[in-house]
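Order of appearance sets the numbers: ligands from 1, and atoms from 1 within every ligand. Here, residue 1 is the first one in the sequence, and each next residue gets the next number. Nothing here was measured: the structure is a model prediction, and the numbers come from that model.
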Amino acid sequence: MKNYITTPIYYVNGEAHIGHAYTTFIADTLARYGRLKGEDVFFLTGTDEHGQKIEESAKKNGKSTKEFADEISATFRNLWDDFGISYDKFIRTTDDYHMQGVQHAFAKMYEKGDIYKGDYEGHYCVSCETFFPETQLIDGEFCPDCGRATSIVKEESYFFNLSKYEKPLLEYYESHPDFILPRSKRNEVINFVKNGLHDLSVTRTSFTWGVALPESFNDDKHVMYVWLDALLNYITALGYGKDEKDMGYWPAQMHLVGKDILRFHAIYWPAFLMSLDLPLPKHIGAHGWWTRDGEKMSKSKGNVVSPKEVSEAYGLENFRYFMLREVPFGQDGDFSQRAFIDRINSDLSNDLGNLLNRIIGMSGKYSEFHIDSVDVLKYHTKEINEANIILDSLDEYITNLQPHRYLEELWKLFSIGNKAIEEHAPWVKMKEDKKDEALATVALVANVLAKAAVALHPVMPNTTSTVADAFGFVIDSESYKAIVLEKALLKPFVIKQVPPLFPRVEEPLMQDNNAKEEASAVEVKAEPKKMEAKKETTVEGDNLIEIGQFFETALKIGTVLDATEVPKSKKLIQLRVDVGEEVPRQILAGIREFYSPEELINTQVCVVANLKPAKLMGLLSEGMLLAAKDEDGLCLIRPEKPRKAGTPIG
Ligand code: MSP
């Protein structure tokens with residue numbers, strides 16, 4: 001099955017914010033999900049670069065329009081590349097093939113009798129690149145979409161015969177109830193069309209930064225209306241009007257858009273396609289808007305959340321999970337660090353991360369990390385059946401574009417795992433000499449987690465690959481088929497001991513003014529251990545670890561060679577620490593409230609030397625200092641007498 005998924009193409013008048021990241025994350029998730037199912041996916045994203053608004057932004061920045069568009073377009077592309085977005089094509093509306101495709105479409109609409117020349121006088125919003133009828137203006141003057149003042153513009157224009165498509169559009173909505181998702185948005189569109197469609201002005205003479213009319217028109221006064229140009233990207237990307245090499249992907253399975261541009265996609269775009277005699281996309285999914293702490297994001301308020309900063313502070317995959325899980329698709333959502341932290345600590349750290357730790361801990365104790373599914377069905381058909389029912393229900397949530405429901409349901413798998421451990425208490429079975437049963441429960445939980453990891457893969461590709469790797473398999477369409485569709489159980493394997501995947505977060509990691517606030521590396525990293533110990537105590541009745549588990553942490557004596565304050569940070573000190581290796585480590589420690597950099601230089605500290613490197617305030621931290629903190633403050637743990645840098649502790 002061919003599955004063509006698109007994001008809107010983003011205007012190049014400013015850098016990406018979390019609203020853009022949101023659409024792109026959903027599209028990426030759908031694309032990855034399709035590929036897992038073995039579908040032939042084509043995932044398109046790109047930038048929308050023409051129009052007066054871009055021309056003006058370039059001028060403000062003292063750059064040529066093309067130079068400015070090149071720069072901003074690259075920031076989008078680089079961001080998506082940094083984020084590992086799995087797009088198949090990145091289109092720019094300034095690409096030659098696109099402009100030729102647009103001209104081809106324009107000529108075709110003209111041949112069809114859908115384009116004619118006339119005069120247009122109306123209220124025009126420069127920011128939205130749209131004319132509005134007087135009845136829609138706020139106080140007779142202001143744009144109903146963005147609230148900015150409109151101006152009266154009179155110009156010669158070519159028109160698209162939109163009114164002709166009023167009836168066919170209404171019929172189409174009627175016969176395709178899932179064309180617009182969520183369904184709740186459908187009526188809005190229907191009512192708009194029922195109120196009557198005016199013909200659409202599709203060229204402009206007031207600026208030049210746009211696609212020229214086809215040569216055959218011999219009319220260089222006009223450039224194309226940016227929305228006509230932009231919407232056509234969805235077919236020019238497939239080679240429309242050129243070599244048509246990828247047109248087999250048309251019609252699109254899903255155009256993802258924000259609610260503000262639904263009208264363009266659900267009315268104009270289908271009408272253009274009807275005029276071109278092309279089939280209509282299967283679905284248009286319109287999502288809501290993100291606010292920050294309840295307020296609309298805007299540059300002037302300085303509260304725009306940068307996706308890069310969020311990802312650096314909280315981790316890319318946590319970010320993806322949060323955005324998709326937190327807000328029902330179609331509704332507006334609020335980006336609050338509190339809500340984000342709660343999701344990390346509760347869903348990711350407690351439910352998912354802890355389950356993996358428990359499997360590693362128990363299999364380590366009972367079977368030297370060997371896990372074998374041989375007895376799972378003997379003792380646990382009930383749980384396996386429950387898990388399979390959940391897995392079977394998931395696909396529907398993707399089809400209906402409800403990623404939040406998909407995740408909500410998927411999370412029930414972790415409950416099955418955690419509940420099975422509590423109910424069957426393998427540690428009791430071990431004491432009762434029922435090792436088979438104990439091992440069957442551990443294997444059950446491993447299987448449930450493996451299934452969950454495959455299903456979660458489209459949302460959190462890297463983390464779930466780490467889980468699968470620990471379980472000795474790779475997540476791909478084959479393992480999806482075997483583990484999710486055909487309900488296969490895992491072959492015997494030796495589980496790898498991965499460090500906790502989701503360290504708890506205790507306090508916001510970004511500052512309110514949108515500069516990232518660093519959390520104390522010490523507290524954040526140390527917390528998961530405390531939490532697991534607590535969990536083990538309440539459930540298993542002990543919090544003892546094997547000596548081997550202790551030695552998994554590489555503790556070393558370090559000598560501080562250098563220490564400086566991290567600019568803009570209230571908490572962090574950047575240290576260069578000799579831990580007996582060729583190159584000293586860079587370590588960021590959240591101790592500035594308790595130590596000045598000067599008093600640290602040439603002192604010795606205890607370093608956790610095998611922590612995965614982490615980025616804080618954009619700086620790499622390659623270790624953690626041991627410290628103790630109570631109500632009187634924080635103190636570093638140091639050797640009683642000087643020791644050589646790199647001396648192991650233990
Ligand atoms: N260039 C047009 C789209 C053309 S598609 C043929 C455009 N670009 S945009 O950059 O302004 O917006 C791109 C997308 O970002 C839109 O879907 C819009 O809804 C979305 N968002 C912009 N701000 C947003 C939030 N605050 N929250 C969520 N999404 C938002 O429109």
Can you list the atoms of ligand 1 that are under 4.0 Å from a heavy atom of Ile261? 3 (C), 16 (C), 17 (O), 31 (O)
Which option out of Phe264, Tyr10, Tyr11 puts a heavy atom nearest to atom 7 (C) of ligand 1? Tyr11
For atom 28 (C) of ligand 1, which protein heavy atom lies nearest, and how many Å away is it? Gly19 CA, 3.4 Å
Around atom 18 (C) of ligand 1, find the nearest protein heavy atom and jot down its residue, atom name and distance. Asp260 OD1, 3.4 Å
Is the closest side-chain donor-acceptor distance between Asn3 and Tyr249 under 3.5 Å? no
Is there a donor-acceptor contact under 3.5 Å linking the side chains of Glu49 and Thr47? yes
Specify side chain, backbone, both or neither for His17, according to which of its non-hydrogen atoms lie closer than 4.0 Å to ligand 1. side chain
When you compare the side chains of His255 and Thr6, does any donor N or O come within less than 3.5 Å of an acceptor on the partner? yes
Which of the ligand 1 atoms, numbered from 1, are nearer than 4.0 Å to a heavy atom of Gly258: 17 (O), 19 (O)
Any N or O of Ile9 closer than 3.5 Å to N or O of ligand 1: yes
Would you check if Leu228 and Leu200 make a side-chain contact, meaning some heavy-atom pair closer than 4.5 Å? no
Could you list the residues that satisfy side chain to side chain donor-acceptor pair (under 3.5 Å) with Thr7, not counting sequence neighbours? Thr45
Are the charged groups of Asp219 and Lys117 less than 4.0 angstrom apart, N to O? yes
Going through the checks in order, is the ring-ring contact (aromatic ring centres under 6.0 Å, His included) test met by Tyr4 and Phe42? CA-CA 5 Å; Tyr4 180 28; Phe42 193 97; 5.6 Å; yes
Nearest option to atom 29 (N) of ligand 1, as decided by whichever heavy atom of Met297, His287, His255 sits closest: His287
Say whether Trp290 and His17, considering side chains only, have a donor N or O and an acceptor N or O under 3.5 Å apart. no
Short N/O distance, under 3.5 Å, between His265 and ligand 1? no
Between Phe131 and His123, ring centroids under 6.0 Å: no
Atoms of ligand 1 close to Ala230 [distance to a heavy atom under 4.0 angstrom, numbered from 1]: 6 (C)
My understanding is that only one of Tyr406, Trp411, Tyr314 makes a ring-ring contact (aromatic ring centres under 6.0 Å, His included) with Tyr321; could you say which? Trp411
Regarding ligand 1, does Tyr234 bring an N or O atom to under 3.5 Å of one of the ligand's N or O atoms? no
Checking a contact table here: which protein heavy atom is nearest atom 15 (O) of ligand 1, and how many Å away? His20 CD2, 3.3 Å
Residues in salt bridge (charged side-chain N to carboxylate O under 4.0 Å, His left out) with Asp334, at least two apart? none
Could you tell me whether some N/O pair between Pro8 and ligand 1 is separated by less than 3.5 angstrom? no
Please identify which atoms of ligand 1 are closer than 4.0 Å to at least one heavy atom of Asp48. 1 (N), 2 (C), 4 (C)
For ligand 1, which atoms, with element, lie under 4.0 Å from some heavy atom of Gly288? 28 (C)
Looking at ligand 1, does any of its N/O atoms fall within less than 3.5 Å of an N/O of Asn233? no
Nearest protein heavy-atom contact for atom 26 (N) of ligand 1: which residue, which atom, what distance? Trp290 O, 3.2 Å
Could an N or O of ligand 1 be found under 3.5 Å from any N or O of Tyr22, whether backbone or side chain? no
